[in-house]
Amino acid sequence: MSRDTARGATPRRLAAISGVTSAVGTPTLIVVATLVAPWFSWRTNAFSDLGVTPPTELLFNGTLIAGGLLALPFAWLLWTTSDGIGGRLRGGLFAITAVALGAVGVFPSGDPLHFPVAATHFLGVTATLAVDGICRRDRTTGRLAGLAAVGHAVAWIAWAQEVLFPPGLALPEFVGALVLATWVTALSPVTPLRSGSDRSRADAVES
């Protein structure tokens, strides 16, 4: 590896780790917040309720803001790894998803902007994974990403139709967080959990 290549690898590696930290750390700290709030019910509450009620306001909102910021370097990595239009779209959609996540913490439940930014985040998760699945449909990880996008959409449809999930938003929200964490850590073309050869440009370049 040349010196210039090594210099480029370090920020890319850090960006990948930053994305994983966001994807795994955000839902983990949200679960911690539910444990701090004895009133919280997974069956009847939404996670956003944690952002307007003591003593979890700072923990919940701060977690979302930090998670959104940590996800942005990963969006940059997705964008710069891909030469095709589809790959750039995937990176752009993930950036929107990350910004929306942080915005949920900035605009807590009850704020007029809360629902739009929350909906943007969860729609962004589905859209990012769907585009990745289409772009990398010739690869196992790409096909799995596409299936994850479908599963995420089906989970929300099932909740809306009052089947499978209780009336609270927490469970479908948590499914979305787990789907995103799985994609970032194990399925995306730039996951740090695969070897460098597995994450070659051939895995990310689309026509």
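Numbers for residues simply follow the sequence, beginning at 1.
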E57 side chain near P108 side chain, heavy-atom distance below 4.5 Å: no
Under a 4.5 Å cut-off applied to non-hydrogen side-chain atoms, are P189 and L78 in contact? yes
Hydrophobic clustering (ILVMFWY, side-chain heavy atoms < 4.5 Å, transitive) - are L59 and V104 grouped together? no
State the CZ-CG distance between R139 and L144, to the nearest 0.5 angstrom. 13.5 Å
Is there side-chain contact between V175 and V179, with at least one heavy-atom pair below 4.5 Å? yes
State, to 0.1 Å, how close A98 and A71 come at their nearest heavy-atom pair, and which atoms those are. CB-CB, 3.5 Å
Report all side-chain donor-acceptor pairs from residues 17-26 shorter than 3.5 Å, counting only partners two or more places apart or in another chain.
residue: S18; atom: OG; partner: L70; partner atom: O; Å: 2.6
residue: T21; atom: OG1; partner: I17; partner atom: O; Å: 2.8
residue: S22; atom: OG; partner: G67; partner atom: O; Å: 2.6
residue: T26; atom: OG1; partner: S22; partner atom: O; Å: 2.7

Start with the C-alpha distance between R90 and S188, add both sets of side-chain angles, then the distance that settles side-chain hydrogen bond (donor to acceptor under 3.5 Å, both in side chains), and finish with yes or no. CA-CA 10 Å; R90 176 181 53 209; S188 77; over 6 Å; no
Locate the shortest heavy-atom distance separating F107 from H114; write the atom from each residue and the value. O-ND1, 2.8 Å
Does F115 belong to the same Ile/Leu/Val/Met/Phe/Trp/Tyr cluster as I96, with side-chain heavy atoms less than 4.5 Å apart forming each link? no
Over 12 foreign heavy atoms within 6.0 Å of CG, L147: yes
Run the side-chain contact (heavy atoms from CB on, under 4.5 Å) check on F122 and E173 step by step: do they pass? CA-CA 8 Å; F122 287 109; E173 287 175 333; 3.7 Å; yes
Whether the side chain of T191 engages the backbone of L187 through a donor-acceptor N/O pair (distance < 3.5 Å, no angle test) should be reported. no
Do you know which two heavy atoms are closest between T185 and A181, and how far apart they sit? OG1-O, 2.7 Å
Closest approach of F165 and A155, non-hydrogen atoms and distance? CE1-O, 3.3 Å
With side chain to side chain donor-acceptor pair (under 3.5 Å) as the rule and sequence neighbours excluded, what pairs involving residues 145-162 come up? T126-H152, H152-W156
Would you compute the distance between atom CG of L29 and atom OG1 of T56 and round it to the nearest 0.5 angstrom? 12.5 Å
Indicate if L93 and F74 have the same hydrophobic cluster label, given that clusters are the connected sets of ILVMFWY residues with side-chain heavy-atom separations under 4.5 angstrom. no
I'd like to know if the side chain of H121 and the backbone of A100 have a donor-acceptor N/O pair within less than 3.5 Å. no
Strictly distance-based, threshold 3.5 Å: is any side-chain N or O of R143 a donor or acceptor partner for the main-chain N or O of R137? yes
Are I134 and I85 co-members of a hydrophobic cluster defined by side-chain heavy atoms under 4.5 Å apart? no
Rounded at 0.5 Å granularity, tell me how far CZ in F174 sits from OG1 in T34. 8.5 Å
Here the gap from L89 atom CG to F94 atom CZ, rounded to the nearest 0.5 Å, amounts to 14.0 Å
Look up atom CG in L77 and atom CG in L14, then write down how far apart they are to the nearest 0.5 Å. 10.5 Å
I'd like to know if the side chain of D49 reaches the main chain of A46, judged simply by a donor and an acceptor atom lying under 3.5 Å from each other, with no hydrogens or angles considered. yes
CG of L50 to OG of S109, rounded to nearest 0.5 Å, is 10.5 Å
Same apolar cluster: L178 and L180, side chain cutoff 4.5 Å: yes
Which of these passes side chain to side chain contact (heavy atoms under 4.5 Å, CB included) with T53: W39, F60, F40? W39
Do any N or O atoms from the side chain of D132 and from the backbone of A145 form a donor-acceptor pair under 3.5 angstrom? no
F47 vs W42, test: ring pair (Phe, Tyr, Trp, His ring centres under 6.0 Å). Steps then yes/no. CA-CA 9 Å; F47 283 144; W42 285 77; 5.3 Å; yes
L129 and V150, any side-chain heavy atoms less than 4.5 Å apart: no
When you compare the side chain of P166 with that of T44, does any pair of heavy atoms fall below 4.5 Å? no
